[in-house]
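One structure is given below, encoded as structure tokens.
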There are 2 protein chains.
Amino acid sequence: MRYSLGVVYRDSSGRTLADYPRPSVAVDTAVLTVTPDGVLAVVLVRSGDPAGWRVPGTFLHPGERLADAVRRSLAQKAGITGLEPAQLHVFDAPERDDRGWVLSVAHLATVRYEELRLDAGIARLEDISAVGELRYDHSAIIEFAVAELRARYASAPDPAGLLPEPFTILELRRLHEAVAGEWLQRDTFRRAMLPGLVATGELQRGQRGKPAELFRRT
Amino acid sequence: MRYSLGVVYRDSSGRTLADYPRPSVAVDTAVLTVTPDGVLAVVLVRSGDPAGWRVPGTFLHPGERLADAVRRSLAQKAGITGLEPAQLHVFDAPERDDRGWVLSVAHLATVRYEELRLDAGIARLEDISAVGELRYDHSAIIEFAVAELRARYASAPDPAGLLPEPFTILELRRLHEAVAGEWLQRDTFRRAMLPGLVATGELQRGQRGKPAELFRRT
DNA sequence: CGTCTTTAGATCGGTTATGCGCTAATCGAG
DNA sequence: CTCGATTAGCGCATAACCGATCTAAAGACG
């Protein structure tokens, strides 16, 4: 940190930045995953002060990057590490948080279901289509996150890496259907995804029907 | 404003929000327009302290919405009103601003060339492809803004309303070419835009060639 | 006043994309 | 072991799309 190393910055009124009121800045993250039964779900944590559920979040610490604040909050509250959160939107309504003037930078993070380590007492997984109204703007955050994830999954095979490699095109399609929340045409999907896949040459055995080829993402 | 009306919020350490350091929050806006000669251009204003050029911005005032801060800064520095700014990204590198810990929320705003009232001494219009390196993250802000505007113009006719209605499809295509920065196929463009247009039944006269029908956006 | 140039808008033929169906390949049950 | 169920992957017919061409309608010019 090298704030005010030499001259302190003063504006046209001769005041420094510290003379102006500043908002608290929080990060709130919709952590999305797809469950083994093919449901797009979001991580909710128990909200302290007014009892209820919310998406995990924290206040930004001095000198901290937003993405690092997201990682810190998720490591603490949901035992998740190694994420690459993406910014979605800044919620800025002055009255949105009754604790004071708080801006919230909404984020999206994705995690494999198998890597989730949720403490059942303080966190749970909720089906995206069953989330009720949450406090603050947390319902809106989830909507932003789902829209962003769906946009990413529309044209590329599993961009978030939710599926362990190698996988069959059927497994990939089941995942994309869970994300999209709707049935996807078999051939159209195959043709759209093939350019982004590399065949391993291996076949999946032990399933019913003709063995499917195994692929990796390019 | 109703901060700390009754009970002051305290966290698990018994501290209030005010006990934690908070960042300054700024808004910076890439104001884009298309000049009469068909060039996509951005508004730059003179930077005070370290002399140079930057995109207009300001610090967020207490209780103010981000969009209102954008409007305030643009009304002051470029005489522009009636905008609907869109959030792009939060720039959060702790060292990005040597005046202190400053987060910047980048915005995009669009304005008709005829409505611009730039004070030549402090503001100028710069061709998007001729913008050099700017201080802070302002080059990145412009890149975000151009990408966002191009995405919006890819599928809908003049979503930002840069063209006065009614207009011909040729005028619309010239505008879209300026935004996209590349030549657009005549028939493909016409077919892509027609669903978003309504014919007025009027024809444009006084030009060479077969008179073109005049359209409005739906 | 007639011809040339310019531009709009419709039409047409070829290409690409889409969805259905067929066949191959495997598992499981009788 | 055989037959039926299931699933992968390819082929084919159709539909949608795209770009070039053609015609119409106006101004420019001699």
Side-chain angles (χ1 to χ4, degrees), chain A residues 34 36-38 150-159 162-218, chain B residues 34 36-38 150-151 153-158 162-218:
Chain A
V34 172
D37 44 324
R150 286 183 175 162
R152 291 190 192 175
Y153 270 72
S155 55
D158 189 22
L162 292 176
L163 201 59
E165 296 180 318
F167 47 78
T168 67
I169 292 189
L170 176 60
E171 291 166 343
L172 183 67
R173 181 158 51 91
R174 293 275 176 262
L175 171 69
H176 278 245
E177 285 176 344
V179 170
E182 61 183 18
W183 178 86
L184 298 176
Q185 222 283 346
R186 186 165 67 104
D187 300 82
T188 307
F189 179 79
R190 178 187 183 84
R191 277 189 280 249
M193 294 300 149
L194 267 183
L197 297 174
V198 279
T200 62
E202 313 254 309
L203 297 180
Q204 186 193 49
R205 312 314 283 268
Q207 307 294 114
R208 295 221 295 201
K210 177 173 171 177
E213 188 160 19
L214 290 165
F215 292 86
R216 299 179 188 279
R217 285 176 280 125
T218 46
Chain B
V34 172
D37 43 328
R150 285 181 176 164
Y153 270 71
S155 55
D158 190 21
L162 293 176
L163 200 61
E165 297 182 317
F167 48 78
T168 67
I169 292 188
L170 176 61
E171 291 166 342
L172 183 67
R173 181 159 49 92
R174 293 274 176 263
L175 171 68
H176 278 245
E177 287 176 343
V179 170
E182 61 182 19
W183 178 86
L184 298 175
Q185 221 283 348
R186 187 166 68 101
D187 300 85
T188 307
F189 180 81
R190 178 187 184 84
R191 276 190 280 249
M193 294 300 149
L194 269 182
L197 297 174
V198 279
T200 62
E202 314 254 308
L203 297 180
Q204 185 192 50
R205 312 313 285 265
Q207 308 294 114
R208 293 223 297 200
K210 178 174 171 177
E213 188 159 18
L214 291 164
F215 293 84
R216 297 179 190 281
R217 285 176 281 126
T218 46

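Letters go in sequence order (proteins before strands), and every chain restarts at 1.
- Using a 4.0 Å cut-off between charged nitrogen and carboxylate oxygen, A:E177 and A:R174 count as a salt-bridge pair.
- To the nearest angstrom, C1' of D:dG9 lies 15 Å from CD of A:Q204.
- Closest approach to the B:R186 side chain among D:dA26, D:dG19, C:dG9 is made by C:dG9 (side chain taken as heavy atoms from C-beta onward).
- The listed nucleotides are D:dG9, C:dG9, D:dA20; the one nearest the side chain of A:K210 is D:dG9.
- One can place CZ of A:R173 at 13 Å from C1' of C:dG19, the figure rounded to the nearest angstrom.
- Using a 4.0 Å heavy-atom criterion, one finds that A:R191 contacts the bases of the nucleic acid, with or without backbone contacts as well.
- Within a 6.0 Å sphere centred on CD of A:E202, other residues, nucleotides and ligands contribute 12 heavy atoms or fewer.
- Between B:E171 atom CD and C:dG9 atom P there is a gap of 11 Å when expressed in whole angstrom units.
- Within the 3.5 Å criterion, the main-chain N or O of A:A154 finds no donor-acceptor partner in the side chain of A:H176.
- With rounding to whole Å, A:Q185 atom CD is found 11 Å from C:dG21 atom P.
- Rounded to whole Å, the distance from CG on B:L203 to P on D:dA24 is 17 Å.
- Distance CZ (B:R174) to C1' (C:dT7): 11 Å, rounded to an integer number of Å.
- Contact annotation: B:T188 side-chain N/O to D:dC18 OP1/OP2 distance is not under 4.0 Å.
- In this model, the phosphate group of D:dA8 is not approached by any side-chain N or O of A:R190 to a distance below 4.0 Å at OP1 or OP2.
- Partner of A:F167 under the side chain to side chain contact (heavy atoms under 4.5 Å, CB included) criterion, chosen from A:L197, A:T200, A:L214: A:L197.
- Rounding to the nearest 0.5 Å places CG of B:L184 at 8.0 Å from CE of B:M193.
- Across all strands, B:L170 comes closer than 4.0 Å only to sugar-phosphate atoms, never to a base (heavy-atom distances).
- Comparing D:dG19, C:dG9, C:dT18 by their nearest atom to the side chain of B:E213 picks out C:dG9.
- The side chain of A:D187 approaches C:dG21 more closely than any other nucleotide in the set D:dA8, C:dG21, D:dG9.
- The CZ atom of B:F189 sits 17 Å away from the P atom of D:dC17 (whole-angstrom rounding).
- Rounded to a whole Å, the CZ atom of B:R205 is 13 Å from the C1' atom of C:dT7.
- Each of D:dG19, C:dT6, D:dA26 was ranked by its minimum atom distance to the side chain of B:R208; first place goes to C:dT6.
- Taking for each of B:P211 and A:T168 the nucleotide of DNA chain D with the nearest heavy atom, the 5'-most of the two is the partner of A:T168.
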